[in-house]
Amino acid sequence: LDLFSTRAKETTERTTGFMGQTREDPRGARRGPAGTTSAGGRTSLSPIASAVLREARRELGNQEAQGRGGIEISEETISKAVDAVCASRGFNIDDIARADIIVHLKRDLLGWGVLQPLIDNPEVTDIHCYDYQTVVLQRGKMSEATGLHWPTPEAYRTFIDRVLFRLGKSLSTQQHTVDAAFPDGKRLCAVHDSVCGARGPLMTIRVPRVAEATLESLVSYQVAPPLIVNYLAALTRTCEHTFIVSGETGTGKTTLMRCLGTQFRADESIVGVEDTPELNYQHPYYRSLVSRPANTEGVGEVTLQEHIRTTLRLCPTRVILGEMRTPEAAESFLEAAQTGHCGMSTIHARNARETLTRLEALLGRAQRGVSMEIIRQQIALAVDVVIWQCRERASGKVRMAEVIEVGHFVEGNIQVRPMFKLVEQGDNPQWEVLSYSSFFEEVLEQNGIYLGDAPKFLGFSNMSNVPATHEASGR
């Protein structure tokens, strides 16, 4: 990672060349094999080679536009395009320049191009592109400059278009913001430069670092200790409880829902409602509805709340809302939960108790004129468990910081029972058991979970086994 990070650089930096040669550079810049400095880690091309690179990129782009975009461009295709440009334009380049051009094109056209080293690095959680010259990585909450860049603004725009093309989306002045998700969980947000300030277009890529959506992953990545994971899994399997997963941006809320989704029973009927399809549950009876923005004429919009109302006609046993973004969506989801459709959703909040306050605010905006007592009664009827996620600033690791149970509405307030809380961070995280009794004692005992036998503090030194992931098709 130090190859692409400028954090804590010294005045004099030792850098390693391509052939293992180490040089001193007083400016901290990296040098290519010929001694030419390249902030992006690439050698500089001659004017002729740059012209061949531009023409070859245009040639390959034309092939993609003619219907070959669905086929992965191979190295052989790239080599043929370079040779064709040289032959048609009469350019004469040596083998070294030709190899450099092919390397540039491979980075740009195969996989993630310039960003591939960051995608492959397990410590990088977010990649922020400000313009073609500025790429910033995040490890947890720490931002660091990388020195990576594209050769021209056009190359940067072409890269964004190519990535969005793979997802069937495009960026334009009419569609100035695009949110998209890849099947492997990576999420991308791009903003057209027509609505950006001095820099643009903007692009952010979020890279999930929990490789597999399983309960074992939550323990192996130390998101939560086995007892808490087993507790949540037991409540999920009953298909009777509604979860709200809260936290700041990038704290693994959707990943947690995907992990708990492995505990859905095989006979359930599940409907997910999202702005961007990210959940992708591997369940035989999972259906997904995705919202749609209005077109350039201002018509055709389909909102989350419309989809949630539609789900009630699809006869689901469980309703999943990707995120409570609007008061109307929150109202529709909680209304569905009150009428016997258990589910899960996420919301942004700074702690578990504040999650309920956020729900009150959303419902208050959606139901103007309704008293706070009625709003709190609705929340108490709908929500059973609140999970608050956080990310450690020092290490960047995701933790399940708080779990609370939501009880009845009594004397103007919602009864809340704190269950678990993260009390120590770092290499040896510790959770405190705040309550040895539960509103769902019977369900937990049926699953062999006895909170009364638990120690006061939970960690990973004495781990109990996590139940194997239940494959929906085999249950």
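- At least one side-chain heavy atom of Cys86 sits under 4.5 Å from a side-chain heavy atom of Ile93.
- Side chain of Ser345 to backbone of Leu321: a donor-acceptor contact under 3.5 angstrom is found.
- Comment: Arg139 engages Glu123 in a salt bridge, judged by a side-chain N to carboxylate O separation of less than 4.0 angstrom.
- One distance of note links CD of Glu328 with CD1 of Ile308; it measures 10.5 Å at 0.5 Å rounding.
- Between the side chain of Arg206 and the main chain of Arg187, no donor-acceptor pair closer than 3.5 Å is present.
- Gln116 and Asp120 form a side-chain donor-acceptor contact under 3.5 Å, judged by distance and modelled atom types alone.
- For Phe91, the CZ atom counts as densely surrounded, since its 6.0 Å shell holds more than 12 non-hydrogen atoms of other residues, nucleotides or ligands.
- Side-chain N/O atoms of Thr158 and Asp161 include no donor and acceptor closer than 3.5 Å.
- Heavy-atom minimum distance, Phe333 versus Gly343: CZ-C, 4.2 Å.
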Item to check | Derivation and outcome, ring pair (Phe, Tyr, Trp, His ring centres under 6.0 Å), residues Tyr281 and Tyr286 | outcome: CA-CA 7 Å; Tyr281 288 123; Tyr286 173 67; 5.3 Å; yes

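- In terms of heavy atoms, Cys259 sits closest to Leu215 at O-CD2, 3.9 Å.
- Checked against side chain to side chain contact (heavy atoms under 4.5 Å, CB included), Arg350 has the following partners two or more places apart in sequence or in another chain: Glu354.
- Between the Glu216 side chain and the Ser220 main chain, no donor and acceptor come within less than 3.5 Å of each other.
- Here the two rings, on Tyr156 and Trp150, have centers that are under 6.0 Å apart.
- Residues Arg393 and Met142 form a side-chain contact, since some pair of their non-hydrogen atoms from C-beta on lies under 4.5 Å apart.
- Across Leu118, Val136, Leu115, a single residue satisfies side-chain contact (heavy atoms from CB on, under 4.5 Å) together with Thr146, and that is Leu118.
- In this structure the side chain of Ile228 never reaches within 4.5 angstrom of the side chain of Leu218, judged on heavy atoms.
- For the pair Asn230 (side chain) and Pro226 (backbone), a donor-acceptor distance under 3.5 Å is present.
- Looking at His149, its side chain never comes within 3.5 Å of a backbone N or O of Val114 through a donor-acceptor pair.
- Within 6.0 Å of CG in Leu314 there are more than 12 heavy atoms belonging to other residues, nucleotides or ligands.
- Note: Tyr231 and Phe420 have perpendicular aromatic rings, judged against thresholds of 30 and 60 degrees for the angle between ring planes.
- Between the side chain of Thr346 and the main chain of Val245, no donor-acceptor pair closer than 3.5 Å is present.
- The closest side-chain heavy-atom distance from Thr326 to Gln305 is below 4.5 Å.
- Counting only heavy atoms from C-beta outward, the side chains of Pro208 and Lys186 approach each other to under 4.5 Å.
- Gln263 places no side-chain N or O within 3.5 Å of a backbone atom of Thr236 that could act as its donor or acceptor partner.
- Nearest heavy atoms, Val386 versus Ala352: CG1-O, 3.8 Å.
- No side-chain donor-acceptor contact under 3.5 Å links Ser332 to the backbone of Ala329.
- For the 3.5 Å distance criterion, the side chains of Ser217 and Thr214 qualify, holding a donor opposite an acceptor.
- Here the side chain of Thr262 pairs no donor or acceptor atom with the backbone of Arg258 at under 3.5 angstrom.
- Note on ring orientation: taking the six-membered ring where Trp is involved, the planes of Phe460 and Trp431 are perpendicular (angle over 60°, cut-offs 30° and 60°).
- Remark: Leu356 CG to Ile244 CD1 distance equals 9.0 Å, nearest 0.5 Å.
- Between Leu202 and the options Cys196, Cys129, Cys189, a side-chain contact (heavy atoms from CB on, under 4.5 Å) holds for only Cys196.
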Checklist entry - What's the verdict on side-chain contact (heavy atoms from CB on, under 4.5 Å) for His348 and Lys253, showing C-alpha distance, side-chain angles and the deciding distance? => result CA-CA 9 Å; His348 290 110; Lys253 299 184 293 297; 3.8 Å; yes

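- Between Val124 and Gln138 there is no side-chain heavy-atom pair separated by less than 4.5 Å.
- One finds a salt bridge joining Arg318 and Glu268 here, because a Lys/Arg side-chain nitrogen approaches an Asp/Glu carboxylate oxygen to under 4.0 Å.
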Next on the checklist: Set out, in order, the CA-CA distance, both residues' side-chain angles and the distance that settles side-chain contact (heavy atoms from CB on, under 4.5 Å) for Val207 and Thr125, then state yes or no.
Outcome noted: CA-CA 5 Å; Val207 187; Thr125 57; over 6 Å; no

Next on the checklist: side-chain contact (heavy atoms from CB on, under 4.5 Å), that's the test. Do Met344 and Thr242 meet it? Break it down for me.
Outcome noted: CA-CA 6 Å; Met344 295 182 188; Thr242 294; over 6 Å; no

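- Environment of CG in Asn92: sparse, with no more than 12 heavy atoms of neighbouring residues, nucleotides or ligands closer than 6.0 Å.
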Checklist entry - So Asp275 and Arg325, side-chain contact (heavy atoms from CB on, under 4.5 Å) or not? Walk me through it. => result CA-CA 9 Å; Asp275 279 322; Arg325 293 181 180 270; 2.6 Å; yes

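- Screening residues 179-207 for ring-ring contact (aromatic ring centres under 6.0 Å, His included) gives Trp112-Phe182 as the qualifying pairs, with residues at least two apart or on separate chains.
- Across all non-hydrogen atoms, the minimal contact from Gly426 to Glu392 is N-OE2, 3.1 Å.
- In this structure, Thr317 and His341 have side chains that are not in contact, with every pair of non-hydrogen atoms separated by 4.5 Å or more.
- Gln175 contributes a side-chain N or O that, together with a main-chain N or O of Thr177, makes up a donor-acceptor pair within less than 3.5 Å.
- The residues Arg98 and Asp83 are annotated as salt-bridged, a charged nitrogen and a carboxylate oxygen being separated by less than 4.0 angstrom.
- Counting non-hydrogen atoms of neighbouring residues, nucleotides and ligands closer than 6.0 angstrom, the CZ atom of Arg89 reaches no more than 12 such neighbours.
- Using a 4.5 Å heavy-atom threshold, the side chains of Leu171 and Arg157 count as separate.
- Sparse packing is recorded around CD1 of Ile96, with 12 or fewer heavy atoms of other residues, nucleotides or ligands lying under 6.0 Å away.
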